[in-house]
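Presented below is the structure to which this report refers.
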Amino acid sequence: MLRRLSLTEHGALEMLVGLALIAAPFALGFGPAGLVASMAAGAVIAGLGLSEGMPISSHMAADTAVALALLGVALLVSAEEAVAGGVLAAAAAGELALGVCTRWTRRA
């Protein structure tokens, strides 16, 4: 049985993933395309992690859109940089899994 994450836990994990994507190009030696794609994706995901006041339906839609965009960017980047493409594809899969494991309700 999957543990259902609260919105607070969801946001914390998004923040960690975002910061990891920002650091990944330096730790793994991405080229220019991978660096820009990873840092931009990391900033967007970290921003989503900080968006506590956002309506739940909007956050769900944004998470799905970001995951699909990450997957598309991963395909484009992987043509030149396999490691960067793999990292971005893993982040896309993680973002989709995070959405599935989240409770998506606010506790009163």
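Along the sequence shown, residues are numbered consecutively beginning with 1. Note: hydrogens, waters and symmetry copies are ignored here, and every other heavy atom, side chains too, is used.
Taking both residues in full, the closest heavy atoms of Ser6 and Arg103 are given as CB-NH2, 3.0 Å, listed atom of the first, atom of the second, then distance. Heavy atoms only, all atoms of each residue included: Met54 and Ala62 are closest at CE-CB, 4.3 Å. The shortest heavy-atom contact between Ser78 and Gly85 is CB-CA, 3.9 Å. Residues Ala37 and Leu88 come closest through the heavy atom pair CB-CD1, 3.9 Å. Closest heavy-atom contact between Pro25 and Met39: CG-CG, 4.1 Å. In plain terms, the two heavy atoms of Arg4 and Thr102 that are nearest each other are NH2-O, 3.8 Å.
Going from atom CE of Met15 over to atom CG of Leu48 covers 10.5 Å, rounded to the nearest 0.5 Å. Note that CG of Leu70 is 7.5 Å distant from CD of Glu95, once rounded to the nearest 0.5 Å. Distance CG/Leu96 to OG1/Thr64: 7.0 Å, rounded to 0.5 Å.
Hydrophobic clustering (side-chain heavy atoms under 4.5 Å, transitive across Ile, Leu, Val, Met, Phe, Trp, Tyr) groups Leu50 together with Leu19. With hydrophobic clusters built from ILVMFWY side chains whose heavy atoms lie under 4.5 angstrom apart, Leu28 shares a cluster with Val77. Put simply, Val73 and Val83 are part of the same group of oily side chains (I, L, V, M, F, W, Y) that touch within less than 4.5 Å, one to the next. Under the 4.5 Å side-chain heavy-atom criterion for ILVMFWY residues, a single connected hydrophobic cluster contains both Val44 and Val87. Residues Leu21 and Phe30 fall within the same hydrophobic cluster, defined by Ile, Leu, Val, Met, Phe, Trp and Tyr side chains chained together at heavy-atom separations under 4.5 Å.
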Test side-chain contact (heavy atoms from CB on, under 4.5 Å) on His59 and Leu7 and set out the steps.
CA-CA 10 Å; His59 195 129; Leu7 288 174; 5.9 Å; no
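Within the structure, salt bridge (charged side-chain N to carboxylate O under 4.0 Å, His left out) pairs that include any residue of residues 13-39 do not occur (at least two apart or interchain).
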